[in-house]
2 protein chains.
Amino acid sequence: MLSNASKYAVNAINHLVLNSSEENKLLVKDIAEDLDIPKPFLSKILQQLAAVNYISSAKGPGGGFYVTAGQLDRSILDIIVEIEGKDQFKQCALNFDDCNESNPCAIHHLIATMKDGLRKAYKDIRLKDLKIRN
Amino acid sequence: MLSNASKYAVNAINHLVLNSSEENKLLVKDIAEDLDIPKPFLSKILQQLAAVNYISSAKGPGGGFYVTAGQLDRSILDIIVEIEGKDQFKQCALNFDDCNESNPCAIHHLIATMKDGLRKAYKDIRLKDLKIRN
DNA sequence: TAAAAAAAGGATAATAATGTCTTTTTTATG
DNA sequence: CATAAAAAAGACATTATTATCCTTTTTTTA
């Protein structure tokens with residue numbers, strides 16, 4: 001379904017949303033240990049997310065990663081797409097070019113509703129929603 | 001979403017359901033050309049499906065692959081699970097062990113309905129349904 | 001029964017994803 | 001301003017997926 005990288009990304013962001021702030025930055029080392037993710041791999045992922053400003057980072061002593069209030073409107077889908085480099089939920093399940101209602105693949109009509117629904121579910125989750133116990 | 005291998009498998013099976021029978025077997029070569037799938041890779045996939053009797057095959061002149069009436073009750077999910085070696089739709093989106101209603105991951109409640117629904121959609125498609133224009 | 005057709009099987013190669021390690025840059029602080 | 005802490009960056013290793021090629025086995029049929 002999702003790649004390891006994007007699962008790690010979502011887990012790490014969830015952790016940052018719940019436990020970090022500008023005054024309380026988290027070290028890659030600690031996040032990696034808490035979530036049981038290979039540290040250097042997580043480091044790459046967090047760097048990538050910080051580069052597009054989905055999360056914030058600070059170098060040097062007292063530095064680390066954190067999420068600001070202004071970053072809480074990002075969706076989980078945004079994160080997945082950024083890390084995977086593509087929107088897998090938009091692609092045809094059978095890899096047809098231009099698969100759609102009027103030019104459907106063999107199973108389009110049978111799965112489109114649910115596939116689109118799952119995409120919407122990921123899109124509707126904003127980082128701020130992770131603060132609420134669902 | 002799905003691996004290339006399982007996409008190829010579903011496309012090839014669809015092709016077999018629509019165009020083959022015990023009296024009209026199809027060659028890997030022809031299926032590969034018609035569907036634009038690398039022939040040796042498709043060959044492996046069809047072998048695997050034939051080994052578990054999801055499709056039929058015959059060696060020698062006049063041989064090839066085909067689907068019989070008795071094989072039309074198989075679901076698309078069966079094919080995906082066989083080829084991928086796991087049921088990705090059953091796994092937690094964030095890789096939590098034993099993620100469920102009472103022990104949910106951070107986004108379980110927000111995506112479970114759609115994720116389970118997509119799995120059911122794949123499970124509800126039987127090969128015989130591919131004969132009908134949906 | 002020999003030849004050819006076709007799948008089955010095995011070995012190998014290329015690519016992408018995942019994971020590890022080391023060096024560099026930035027920055028706070030004693 | 002020297003030191004140390006931390007992310008950033010880059011090089012490398014491993015594994016899984018995808019793809020290719022070659023050989024073997026089975027089977028039909030001339």
Side-chain angles (χ1 to χ4, degrees), chain A residues 1-13 16 20 22-33 35-67 80-86 88 91 94-95, chain B residues 1-13 16 20 22-33 35-67 80 82-86 88 91 95:
Chain A
M1 208 89 193
L2 304 181
S3 66
N4 274 359
S6 58
K7 287 180 180 182
Y8 291 160
V10 174
N11 270 316
I13 286 227
L16 285 169
S20 80
E22 188 153 9
E23 299 74 44
N24 192 16
K25 307 186 180 79
L26 302 184
L27 304 185
V28 182
K29 181 179 169 294
D30 293 334
I31 303 172
E33 279 172 14
L35 303 181
D36 199 32
I37 299 173
K39 191 192 113 170
F41 194 27
L42 177 61
S43 183
K44 294 290 157 55
I45 291 166
L46 294 179
Q47 276 175 39
Q48 190 178 345
L49 294 174
V52 293
N53 199 40
Y54 287 8
I55 63 176
S56 303
S57 72
K59 290 179 170 184
F65 291 92
Y66 59 102
V67 170
I80 296 170
V81 171
E82 169 60 31
I83 296 296
E84 302 194 349
K86 61 170 192 282
Q88 54 163 291
Q91 296 175 350
L94 301 185
N95 267 172
Chain B
M1 206 90 190
L2 303 181
S3 66
N4 274 0
S6 58
K7 287 179 180 183
Y8 291 160
V10 174
N11 270 316
I13 285 226
L16 286 169
S20 81
E22 189 153 8
E23 298 75 44
N24 191 16
K25 307 185 181 80
L26 302 184
L27 305 185
V28 182
K29 181 179 166 296
D30 293 334
I31 304 172
E33 279 172 15
L35 303 182
D36 198 32
I37 300 172
K39 191 193 112 170
F41 193 27
L42 178 60
S43 181
K44 294 288 155 58
I45 291 166
L46 294 180
Q47 276 175 40
Q48 190 178 345
L49 294 174
V52 293
N53 198 41
Y54 286 8
I55 63 176
S56 303
S57 71
K59 290 180 172 184
F65 290 93
Y66 59 103
V67 169
I80 296 169
E82 170 59 31
I83 296 296
E84 302 195 349
K86 60 170 193 281
Q88 53 164 290
Q91 296 175 351
N95 267 172

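Both backbone and side-chain heavy atoms feed into the values below; hydrogens, waters and symmetry mates do not. Just so we're on the same page: letters track the sequence lines, and every chain starts at 1. These numbers were taken from a predicted model, which means no experiment stands behind them.
- Here C:dA7 presents its C1' atom at 11 Å from CD1 of B:I31, a figure rounded to the nearest Å.
- A:K7 has its NZ atom 11 Å from the P atom of C:dG19, to the nearest Å.
- The residue A:A58 sits close only to the backbone: its heavy atoms come under 4.0 Å of sugar-phosphate atoms, none of a base.
- Rounded to whole Å, the distance from NZ on A:K86 to P on C:dA16 is 11 Å.
- Scanning atom types as modelled, one donor and one acceptor separated by under 3.5 angstrom connect the side chain of A:K44 and the base of C:dT20.
- In the set C:dT20, C:dA8, D:dA7, C:dT20 carries the atom at the smallest distance from any side-chain atom of A:P38.
- Residues A:Q48 and A:I83 are in side-chain contact: their nearest non-hydrogen atoms beyond the backbone lie under 4.5 Å apart.
- Rounded to an integer number of Å, the gap from CE of A:M1 to P of C:dA17 is 18 Å.
- Closest to the side chain of B:F41, from the set C:dT20, D:dA19, C:dA7, is D:dA19.
- Between A:N95 atom CG and D:dT17 atom P the separation is 17 Å, expressed in whole Å.
- Note on B:P40: a base of the nucleic acid sits closer than 4.0 angstrom, heavy atoms only.
- Ranked by how close their nearest DNA chain C nucleotide is to the 5' end, A:S6 and B:Q47 are led by B:Q47.
- Regarding A:I55, its CD1 atom lies at a distance of 13 Å from the C1' atom of D:dA8, rounded to whole Å.
- The partner of C:dA8 is D:dT23, by the rule that a Watson-Crick or G-U pair needs both atom distances under 3.5 Å.
- D:dA19 atom C1' lies 12 Å from atom CG of B:L42, rounded to whole Å.
- Backbone-only engagement by A:L26 is indicated by non-hydrogen atom pairs under 4.0 Å involving sugar-phosphate atoms exclusively.
- OP1 or OP2 of C:dA8 has at least one side-chain nitrogen or oxygen of B:S57 nearer than 4.0 Å.
- Heavy atoms of B:L27 sit under 4.0 angstrom from primed sugar atoms or phosphate atoms, though from no base atom.
- Rounded to the nearest 0.5 angstrom, B:D30 CG and B:L27 CG are separated by 4.5 Å.
- Nucleic acid contact class of A:S43 (heavy atoms, under 4.0 Å, all strands): none.
- For the atom pair CZ (B:F65) and CG (B:L26), the distance works out to 10.0 Å, reported to the nearest 0.5 Å.
- Distance CG/A:L35 to CG/B:N95: 12.0 Å, rounded to 0.5 Å.
- Comparing B:F65 and B:P61 by the nucleotide of DNA chain C that holds the closest heavy atom to each, the one mapping nearer the 5' end is B:P61.
- Listed pair B:Y8 / D:dA19 meets the phosphate criterion, a side-chain N or O lying under 4.0 Å from OP1 or OP2.
- Across D:dA7, C:dA8, D:dT18, the shortest atom-to-atom separation from the side chain of B:N4 is found for D:dT18.
- A heavy-atom distance below 4.5 Å is found between the side chains of B:I31 and B:L46.
- Set against C:dA8, D:dT18, C:dA5, the side chain of B:S3 has D:dT18 as its closest nucleotide.
- A straight line from CD1 of A:I83 to P of C:dA16 spans 18 Å, rounded to a whole angstrom.
- Taking the side chain as every heavy atom from C-beta outward, B:S57 and B:Y66 never approach each other to under 4.5 Å.
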